[in-house]
Amino acid sequence: MAGHSKWKNIQGRKNAQDSKRAKVFQKLAKEIYMAAKSGPDPSLNPALRLVVDKAKAANMPNDNVKRAIQKAAGNNDAENYDEVSYEGYGPGGIAVLVHALTDNKNRTATNVRVAFNKNGGSLGETGSVAYMFERKGYLVIEREGLDISEDDFMLQAIEAGASDVESSAEAFEVYTEPADFTSVKDALSEDGYEFAAAELSMIPSVYNEVPEGKEAQFEKMMDALLDDDDVQEVYTNAKEG
């Protein structure tokens with residue numbers, strides 16, 4: 001991998017996300033609803049299982065998860081969202097990839113464009129930054145309380161099917177091919193590990209520093225994007241922490 005801890009980026013935003021828990025749950029409910037339209041049973045619907053696991057990692061209440069699944073089962077095609085992606089550059093040329101679920105593409109496109117333009121960024125053409133990212137399974141296991149060496153854990157993860165492992169004092173970060181994500185997660189779970197994060201993510205091939213003096217502007221742009229109800233995920237190649 002690129003030799004940079006994605007977990008540091010996640011931790012850097014954790015407090016802000018915690019303070020907006022209701023919005024996080026609202027977005028997860030939308031993802032669950034869309035996945036559940038292909039079948040309400042997570043054991044038979046891999047896409048639903050992935051997002052339910054993501055919801056659990058975010059401490060979303062089980063009742064919220066059940067309501068979203070039941071809503072999908074009862075609504076058929078009464079409500080639908082389109083998946084849309086936007087690519088662009090943040091302050092200092094940081095690559096930014098935005099994924100959204102929306103029932104109004106014009107509204108979402110306008111809001112995303114404003115978030116970029118007002119904060120020193122700019123939207124790009126399709127394909128302008130996507131090539132810098134690769135879809136990977138991503139698992140984080142915090143090391144506190146674990147009695148296993150880096151070498152032993154790496155061997156265990158690779159035997160489970162992981163493609164790469166990064167270690168820090170705080171956590172083991174496990175990367176997988178998308179098709180192997182569920183089997184690796186299940187294998188490590190059976191070994192007794194719990195996950196601080198478990199998701200299919202877009203991992204940048206190279207991380208770049210946010211230029212000095214642009215940090216506040218970059219954070220403001222990220223906040224504006226993540227605050228939008230239609231935006232599900234924002235990926236960047238910004239190096240943090």
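The model shown is predicted, which means the values in this text are computed figures rather than measured ones. Side chains are part of it too, since the values below use all heavy atoms of this structure and drop only hydrogens, waters and symmetry mates.
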A.B. asks: Does the side chain of Ser149 come under 3.5 Å of the side chain of Asp151 through a donor N or O and an acceptor N or O?
C.D. replies: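 No, no side-chain donor-acceptor contact under 3.5 Å.
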A.B. asks: So, Lys105 side chain and Asp82 main chain: donor-acceptor pair closer than 3.5 Å or not?
C.D. replies: no
A.B. asks: Quick check: do Met34 and Val51 have side-chain heavy atoms less than 4.5 Å from each other?
C.D. replies: no
A.B. asks: Should the pair His99 and Tyr235 be assigned to parallel (<30°), tilted (30 to 60°) or perpendicular (>60°) ring geometry?
C.D. replies: perpendicular
A.B. asks: Under 3.5 Å, side chain of Ser201 to main-chain N/O of Ile203, donor-acceptor pair present?
C.D. replies: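 Absent.
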A.B. asks: Would you call Glu166 and Tyr175 a side-chain contact if the rule is heavy atoms closer than 4.5 Å?
C.D. replies: yes
A.B. asks: Would you mind telling me which of Asn111, Val112, Thr236 makes a side-chain contact (heavy atoms from CB on, under 4.5 Å) with Leu225?
C.D. replies: Val112
A.B. asks: Any donor and acceptor pair, going by atom type alone, linking the side chain of Asp228 with main-chain N or O of Asp230 inside 3.5 Å?
C.D. replies: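 Judged by distance alone, yes, a pair lies under 3.5 Å.
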A.B. asks: Could you report the tightest heavy-atom contact between Tyr207 and Ala238, atom names first, then the distance?
C.D. replies: CD2-O, 3.6 Å
A.B. asks: side-chain contact (heavy atoms from CB on, under 4.5 Å), that's the test. Do Lys54 and Glu31 meet it? Break it down for me.
C.D. replies: CA-CA 10 Å; Lys54 181 179 175 182; Glu31 282 191 65; 3.0 Å; yes
A.B. asks: Between the side chain of Asn45 and the main-chain N/O of Ala35, is any donor-acceptor distance below 3.5 Å?
C.D. replies: yes
A.B. asks: Using 0.5 Å steps for rounding, measure from the CG atom of Asp223 to the CZ atom of Phe218.
C.D. replies: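 Going from CG on Asp223 over to CZ on Phe218, the span is 10.0 Å.
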A.B. asks: Near Glu194 CD, under 6.0 Å, is it more than 12 heavy atoms from other residues, nucleotides or ligands?
C.D. replies: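 For Glu194, atom CD is not crowded (no more than 12 foreign heavy atoms under 6.0 Å).
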A.B. asks: Within the structure provided, determine whether Tyr89 and Val96 are in side-chain contact (heavy-atom separation under 4.5 Å).
C.D. replies: no
A.B. asks: Is a side-chain N or O of Glu159 found less than 3.5 angstrom from the main chain of Ala157, in a donor-acceptor match?
C.D. replies: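 Pair absent, no side-chain N/O of Glu159 close to backbone of Ala157.
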A.B. asks: To the nearest 0.5 Å, tell me how far Met222 CE sits from Asp227 CG.
C.D. replies: 11.0 Å
A.B. asks: Whether the side chain of Glu87 engages the backbone of Ser128 through a donor-acceptor N/O pair (distance < 3.5 Å, no angle test) should be reported.
C.D. replies: yes
A.B. asks: One pair to check against side-chain contact (heavy atoms from CB on, under 4.5 Å): Ser183 and Asp186. What are the steps and the verdict?
C.D. replies: CA-CA 5 Å; Ser183 61; Asp186 288 348; 5.7 Å; no
A.B. asks: Search all heavy atoms of Arg143 against all heavy atoms of Ile148 and return the closest pair with its distance.
C.D. replies: NH2-O, 4.0 Å
A.B. asks: Identify the heavy atoms of Lys30 and Asp229 that sit nearest to each other, and give their distance.
C.D. replies: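 Scanning both residues, the minimum pair turns out to be NZ-O, 3.3 Å.
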A.B. asks: Rounded to the nearest 0.5 Å, what separation is found between the OG1 atom of Thr176 and the CG atom of Asp164?
C.D. replies: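 Thr176 OG1 to Asp164 CG: 11.0 Å, rounded to 0.5 Å.
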A.B. asks: Any side-chain heavy atom of Thr102 sitting closer than 4.5 Å to one from Tyr81?
C.D. replies: no
A.B. asks: If you count heavy atoms of other groups shown closer than 6.0 angstrom to NZ of Lys214, is the number above 12?
C.D. replies: no
A.B. asks: Kindly compute the distance separating CD (Glu177) from NZ (Lys136), expressed to the nearest 0.5 Å.
C.D. replies: 3.5 Å
A.B. asks: Test of understanding: clusters of I, L, V, M, F, W, Y form through side-chain heavy atoms closer than 4.5 Å, transitively. Do Val114 and Val234 belong to the same one?
C.D. replies: no
A.B. asks: Could you tell me which non-hydrogen atom of Ala55 sits nearest to which non-hydrogen atom of Val65, and how far apart they are?
C.D. replies: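 Taking every non-hydrogen atom into account, CB-CG2, 4.1 Å.
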A.B. asks: Are Leu44 and Leu48 connected into the same hydrophobic cluster when the rule is that any two of I, L, V, M, F, W, Y join if their side-chain heavy atoms are below 4.5 Å apart?
C.D. replies: no
A.B. asks: Which pair of non-hydrogen atoms, one from Tyr193 and one from Gln156, has the smallest distance, and what is that distance?
C.D. replies: OH-OE1, 2.6 Å
A.B. asks: Which distance, rounded to the nearest 0.5 Å, do you find between the NZ of Lys220 and the CG of Asn119?
C.D. replies: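 If we round to the nearest 0.5 Å, Lys220:NZ and Asn119:CG are 5.5 Å apart.
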A.B. asks: Taking atom CG of Leu97 and atom CG of Asn237, what is their separation to the nearest 0.5 Å?
C.D. replies: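 Leu97 CG to Asn237 CG: 10.5 Å, rounded to 0.5 Å.
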A.B. asks: Tell me, do Glu219 and Val210 make a side-chain contact under 4.5 Å, heavy atoms counted?
C.D. replies: no
A.B. asks: Verify side-chain contact (heavy atoms from CB on, under 4.5 Å) between Thr108 and Tyr86, making sure each step is shown before the conclusion.
C.D. replies: CA-CA 10 Å; Thr108 307; Tyr86 305 92; 3.6 Å; yes
A.B. asks: Please report the shortest heavy-atom distance between Pro40 and Pro42, naming the atom on each side.
C.D. replies: O-CD, 3.3 Å
A.B. asks: Is a donor on one side and an acceptor on the other found under 3.5 Å between the side chain of Lys27 and the backbone of Leu226?
C.D. replies: yes
A.B. asks: Transitively linked via ILVMFWY side-chain contacts under 4.5 Å: Leu155 with Ile141?
C.D. replies: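 No, Leu155 does not connect to Ile141 through the hydrophobic network.
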A.B. asks: Mark yes or no for whether Ser205, through its side chain, and Met132, through its backbone, hold a donor-acceptor pair below 3.5 Å.
C.D. replies: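 Here the side-chain-to-backbone pair exists.
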A.B. asks: Hey, is NZ on Lys23 packed in by over 12 heavy atoms from elsewhere, all under 6.0 Å?
C.D. replies: yes
